[in-house]
S.K.: 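Let me give you the structure first, and then I'll get to my questions.
Quick note on labels: first sequence line is chain A, next is B, and so on, each numbered from 1. Nothing here was measured: the structure is a model prediction, and the numbers come from that model.
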Amino acid sequence: MQFKKVEKKWRETWKKEGIYRTKDAVKGKKNFYSMVMFPYPSGDLHIGHWYNFAPADVFTRFKRMSGFNVLSPIGFDAFGLPAENAAIKRGIHPKTWTYKNIKTMTAQLENMGTMYDWDRRVITADPEYYKWTQWMFLQLFHAGLAYRTKAKANWCPKDRTVLANEQVIDGKCDRCGTEVIQRDIDQWLLKITDYAERLLQDLNGLDWPEKTKAMQRNWIGKSEGTTVKFMIDGLDVAISKETFKFMPHLIPSVLSGEKRITYRLEPKAVKTGDIVQLINHASKERFALARITKVVKDTMKHVSETQEGHEKFKTRKEFYATYSKYYDKKVVDDTDIWMYHMEVIDDSIDVFTTRVDTIFGCTYVVVAPEHRLIGTLQKQITNSREVSAYVAKARKKLERERMIEEKKKTGVELQGIKAINPFTGERVPVFVADYVLGGYGTGAVMAVPAHDERDLAFAKQFGLPIKTSIVAKDAAPADECMTEDGVLVDSESFTGMDSAAARTHMTAWLEHERRGTGKVNYKLRDWLISRQRYWGSPIPLVFCERCKARIESGEYKKGEFTKGELANPGWIGVAEKTLPVLLPTVKNYLPTEEGKSPLAHSKAFVNAPCPRCKGKGARETDTMDTFMCSSWYYLRYPDPHNAKRFADEKKLAAWLPADMYVGGAEHSVMHLLYARFFTKVLHDLKLLKFKEPFTALRHQGTILGPDGQKMSKSKGNVIDPDDLVDTFGADAVRMYLCFMGPYDQGGPWQPGGMIGIARFLQRVERLYDAHMQRASSAKRVTASASLKKALHQTIKKVGEDIGDFRFNTAVSALMILLNVMEDQRDSIDTETLEQFLVMLAPFAPYFSEELYRGVLGKKTSIHIAAWPKYNVRLSAEDEFELVVQINGKTRDTVRVSKGVTQERARELALASKKVRDAAPGMRIKKVIFVPDRLINLVIES
RNA sequence: GCCCCCAUGGCGAAAUUGGUAGACGCGCCAGUUUUAGGAACUGGUUCCGCAAGGAUUAGAGGUUCGAGUCCUCUUGGGGGCACCA
């Protein structure tokens with residue numbers, strides 16, 4: 001067959017006939033939404049894409065032929081860093097490069113013989129698409145799920161640019177080789193951690209690979225434990241009666257030490273050195289202690305906007321108005337004001353532990369280098385110089401270095417203070433060490449060297465005591481480090497309890513004493529979506545000084561600002577009507593200025609009126625993480641050209657959630673977790689009716705080079721699908737990819753394997769040509785019973801196998817049927833010829849269409865034909881090989897009809913010469929009979 | 001270090017889920033096609049053995065009438081996490 005010509009002919013015919021155009025509803029048919037992970041427009045479709053898309057397309061076609069109304073869309077994940085890298089390397093604008101690739105890849109995808117509905121193609125870099133990505137961001141922002149904070153970014157000091165993680169190779173910049181450092185930059189984060197528990201729980205109902213679910217569970221990393229308050233000894237402070245109240249939004253900055261002055265119009269009876277309580281104005285609860293370092297009495301006119309805590313006010317009038325309102329009295333230049341300088345101090349360390357049952361073995365406490373206490377207790381720590389030196393060093397260290405030094409634990413004792421174990425009253429030393437992470441739990445742990453490996457390593461290094469408080473239940477020989485649950489010893493009234501019970505009781509006691517509480521922690525971190533990059537969707541926010549001042553002074557109408565705007569004073573969401581915020585086409589798309597996106601250079605872009613007050617504003621210049629684009633694209637396919645809504649509600653209801661999603665296992669965590677998060681948020685905002693986007697998920701394996709290595713141009717082991725298509729045709733390539741092995745397995749490319757499929761197709765063609773010649777001699781044939789049986793067994797098997805993604809055995813079943821057909825080439829009836837082709841159609845769409853219309857003379861496409869029904873009666877075997885075993889060893893087989901009784905089977909077994917030879921004069925102890933399978937004679941030996 | 005997965009002929013693999021191990025395909029061997037050629041056809045092909053027969057699913061043990069399949073340990077390979085208290 002001249003496949004080049006055939007492929008082109010049918011491709012054009014199908015387009016003309018519109019057989020792949022999807023309707024949202026077809027009477028009498030259920031909808032089925034079958035998706036593949038859309039590709040990144042890298043330039044060329046490689047064999048990995050084929051392996052993802054071709055077998056998935058076989059599945060999709062099978063679903064359609066089985067009576068479903070199927071949606072099978074495709075698109076391009078077009079934004080992202082690789083386009084910028086390519087642009088830098090080749091001197092082509094990222095946009096030019098991306099759209100050129102989309103063009104070539106679209107053609108390649110069509111050549112594969114896939115049934116995508118091209119009218120629904122989405123490209124995430126199109127303004128009509130990213131308009132809604134921005135809209136999605138605004139939904140999250142206004143709902144209070146976005147916040148801005150300093151976050152670490154990879155920074156190359158030579159290139160003066162922010163790097164993505166993939167651009168950091170061995171801690172060095174992949175372009176210039178300079179050591180990369182971590183810098184803190186203000187960035188936007190999404191509160192995915194609010195959804196940690198639901199993201200974990202809802203995994204249970206999904207038809208996903210267990211491995212993938214396990215990876216997500218792992219990533220979310222739930223652990224249930226207890227926070228325990230260790231009071232600090234050595235403070236020797238008397239807390240004064242006076243208190244200072246703070247608005248909740250100021251508390252983080254007070255605690256972090258940014259704002260250490262409070263201004264009062266009425267004096268408090270405190271003097272320098274007094275310890276006061278700082279109280280949350282809303283909850284009335286104490287959140288910290290502070291030492292007064294200075295009290296100054298002055299008049300209002302001397303307070304300037306450069307003073308700490310008052311940098312923000314613009315005009316004096318505005319400033320006085322704030323006070324007048326708060327104190328309910330008129331404030332003028334001469335009004336007295338007291339300024340209290342203070343420093344926050346801590347009187348306790350909260351630690352998080354999952355093993356509170358081991359607390360009687362706690363011999364010291366460790367805080368992370370980032371821990372607030374190190375700053376707040378600076379005065380109490382007698383070796384504070386040594387401590388700050390350690391902290392400075394640890395904070396500068398890269399994650400990587402911490403890893404290399406894994407074995408060696410480092411740390412410094414905080415001399416001058418001790419922590420008090422709430423159960424024993426014991427005073428234990430406090431250390432700062434970088435093996436405790438600032439970002440997890442409370443950033444502090446109680447160390448139990450006898451029952452924790454890391455604590456043990458540290459204790460040994462520093463010669464700290466090791467105290468056993470748990471022993472194994474079964475009195476097994478004691479390990480040096482017994483980390484399992486067991487029974488408590490030396491634990492006062494808890495002695496003798498087992499670990500699980502002790503945890504419950506001890507946590508209850510702590511809660512009663514207000515010295516601790518049960519607590520669940522997650523490893524999952526919030527999602528950092530800011531990218532200081534050009535090729536991405538702009539973040540639709542404008543910063544407005546005036547609105548910020550109004551929010552901070554509290555002078556605004558209720559409902560004037562959204563939850564998100566109040567939580568991020570000054571950041572105002574762009575009005576929906578004015579979306580999208582277009583990504584300007586700029587000449588210089590390289591990030592240059594310190595930690596800023598290239599968009600920061602474009603005055604035309606930055607200058608924008610505040611969407612709220614129409615005053616002067618400045619746009620956010622960072623762009624969004626591309627995972628934002630791919631977190632909702634499955635919602636767009638049902639209605640890709642809708643300009644009024646991200647998708648029509650009815651169309652969403654018709655198709656979603658997606659019934660099948662196929663793609664690489666490398667997306668097991670990030671993409672799939674973010675997409676699930678989006679779906680849940682949109683559900684909560686009443687924009688979607690379902691909580692999970694992908695009901696079923698399958699992964700394809702990775703195809704390696706023939707040498708077993710990962711394919712790469714530099715290794716010269718890349719398999720080019722275009723070459724294969726030229727030699728064997730698209731159908732053979734599709735089918736071979738199905739036949740190679742289990743779909744989720746992958747493995748090295750077998751260069752010789754293709755030929756088997758090519759031969760198979762040739763044999764099919766020859767068989768059909770021969771049939772056509774015979775047909776002209778006009779002799780009707782009836783299929784033999786054995787051919788009928790083979791056909792119906794194949795119908796059953798191929799259908800079941802495709803449904804279960806076992807494409808390899810489905811192909812082999814077709815091969816077996818072809819072998820039978822060839823054996824009986826003179827008695828093949830038309831029905832068999834037709835049904836065989838229909839089963840072949842999902843695998844070899846061009847080839848089967850050519851024979852269907854060309855040889856069998858059909859008028860309509862094979863791809864809208866119905867999948868054949870198998871007949872149970874016809875496919876059933878009436879005989880089987882009865883296996884005769886002696887003591888479980890097969891000795892003979894006897895061909896008998898199905899339903900044979902045990903008695904008859906026993907007679908047959910005993911009649912076998914082989915059986916008698918194997919065990920002459922046997923004495924049967926027992927007979928095992930498995931109906932329609934085997935008989936096993938258990939004899940005395 | 002921790003967690004998860006995998007291991008079957010020369011190669012890719014299959015095995016009704018605890019019931020004849022090696023289907024199907026590649027490769028190889030022999031033959032056919034009155035020359036050659038192979039991306040044609042026919043037959044053979046787990047290993048040892050002429051055969052009868054025996055051995056065999058990385059290795060060792062166990063459960064069972066019966067184990068590729070279940071359990072324990074060991075070895076080798078792959079993936080994930082990475083000091084998460």
Side-chain angles (χ1 to χ4, degrees), chain A residues 209-212 214-219 221-223 225-226 351-356 358 366 368 399 402-403 405-407 409 433-437 439-448 451-455 457-458 483 521-525 665-666 668-669 701-702 704 708 727-728 732 736 739-742 744-760 762-763 766 797 806 808-819 822 880-893 917-918 925-930 932-939:
Chain A
E210 275 311 317
K211 205 182 162 180
T212 304
M215 272 167 75
Q216 292 218 350
R217 287 192 191 105
N218 228 316
W219 190 261
K222 179 179 184 175
S223 48
T226 312
V351 305
F352 174 72
T353 178
T354 54
R355 293 297 306 276
V356 70
T358 64
V366 192
E399 298 282 319
R402 284 199 186 185
M403 254 189 274
E405 290 171 18
E406 197 177 351
K407 289 271 145 62
K409 296 258 187 291
D434 65 5
Y435 84 91
V436 172
L437 307 174
Y440 180 77
T442 57
V445 302
M446 57 176 224
V448 188
H451 306 297
D452 183 286
E453 311 246 1
R454 296 154 303 184
D455 296 340
F458 188 86
T483 56
N521 267 320
Y522 300 89
K523 284 189 212 171
L524 184 69
R525 302 295 162 83
E666 67 274 20
S668 291
V669 177
T702 312
L704 306 171
T727 318
F728 300 101
Y736 179 60
F739 184 61
M740 265 182 21
D744 57 359
Q745 189 178 293
W749 177 260
Q750 305 286 327
M754 277 288 322
I755 198 67
I757 298 291
R759 275 184 202 146
F760 167 79
Q762 263 172 46
R763 281 161 58 205
R766 227 173 291 142
K797 174 135 184 78
R806 292 195 307 261
N808 54 334
T809 49
V811 172
S812 111
L814 288 170
M815 288 172 165
I816 292 169
L817 180 57
L818 177 68
N819 290 346
E822 283 180 335
F880 74 102
E881 295 274 329
L882 176 73
V883 174
V884 182
Q885 295 183 331
I886 293 175
N887 287 347
K889 275 194 195 276
T890 301
R891 290 299 169 183
D892 202 359
T893 61
D917 286 351
K925 281 202 303 199
K926 190 173 162 189
V927 176
I928 309 280
F929 178 68
V930 182
D932 294 347
R933 181 127 299 149
L934 66 77
I935 182 159
N936 182 14
L937 308 175
V938 185
I939 64 168

S.K.: Regarding Ser668(A), tell me which of base, sugar-phosphate or nothing describes its non-hydrogen contacts under 4.0 Å with the strands shown.
M.R.: nothing

S.K.: Nearest-nucleotide wise, let me know which of Trp219(A) and Val445(A) is further upstream toward the 5' end of RNA chain B.
M.R.: Trp219(A)

S.K.: Classify the nucleic acid contact of Arg806(A) as base, sugar-phosphate or nothing, counting any heavy atom under 4.0 Å across all strands shown.
M.R.: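 The answer is nothing, as Arg806(A) stays clear of every strand by at least 4.0 Å.
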
S.K.: Any base atoms under 4.0 Å from Val938(A), or only sugar-phosphate, or nothing? Heavy atoms, all strands.
M.R.: sugar-phosphate

S.K.: Which is true for Arg759(A) with a 4.0 Å heavy-atom rule: it touches a base, it touches only sugar-phosphate, or it touches nothing?
M.R.: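 Result for Arg759(A) = sugar-phosphate.
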
S.K.: Have a look at Asn819(A) and say if it touches a base, only the backbone sugar-phosphate, or nothing, with a 4.0 Å heavy-atom cut-off.
M.R.: sugar-phosphate

S.K.: Would you mind telling me which of rA85(B), rA13(B), rG19(B) lies closest to the side-chain atoms of Gln885(A)?
M.R.: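 The nucleotide sitting nearest to the side chain is rG19(B).
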
S.K.: Answer with base, sugar-phosphate or nothing: what part of the nucleic acid does Asn521(A) contact at a heavy-atom distance below 4.0 Å?
M.R.: nothing

S.K.: Both atom distances under 3.5 Å, Watson-Crick or G-U wobble: I'd like the secondary structure of RNA chain B as a dot-bracket string, with | for pairs made across strands.
M.R.: (((((((..(((......[....)))((((((.......))))))(((....)))..(((((..]....))))))))))))....

S.K.: Rounding to an integer number of angstrom, what distance separates rC81(B) and rC26(B) when you compare their P atoms?
M.R.: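 Result for the P pair: 40 Å, nearest Å.
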
S.K.: NA contact type, Leu934(A), heavy-atom cut-off 4.0 Å: base, sugar-phosphate, or nothing?
M.R.: base

S.K.: Please classify the nucleic acid contact of Thr353(A) as base, sugar-phosphate, or nothing, using heavy-atom distances under 4.0 Å.
M.R.: sugar-phosphate

S.K.: Using a heavy-atom cut-off of under 4.0 Å over every strand shown, decide if Arg217(A) touches base, sugar-phosphate, or nothing.
M.R.: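 Touches nothing.
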
S.K.: Which part of the nucleic acid, if any, lies within reach of Gly752(A) when heavy atoms closer than 4.0 Å are counted: base, sugar-phosphate only, or nothing?
M.R.: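 If one applies the 4.0 Å heavy-atom cut-off, Gly752(A) turns out to touch the sugar-phosphate alone, with no base involved.
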
S.K.: For Pro748(A), answer base if it contacts any base atom (sugar-phosphate contacts may also be present), sugar-phosphate if it contacts only those atoms, and nothing otherwise; contact means non-hydrogen atoms under 4.0 Å.
M.R.: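 Nothing: the residue Pro748(A), judged by heavy atoms under 4.0 Å, touches no strand.
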
S.K.: How is Gln750(A) classified with respect to the nucleic acid when contacts are heavy atoms under 4.0 Å: base, sugar-phosphate, or nothing?
M.R.: sugar-phosphate

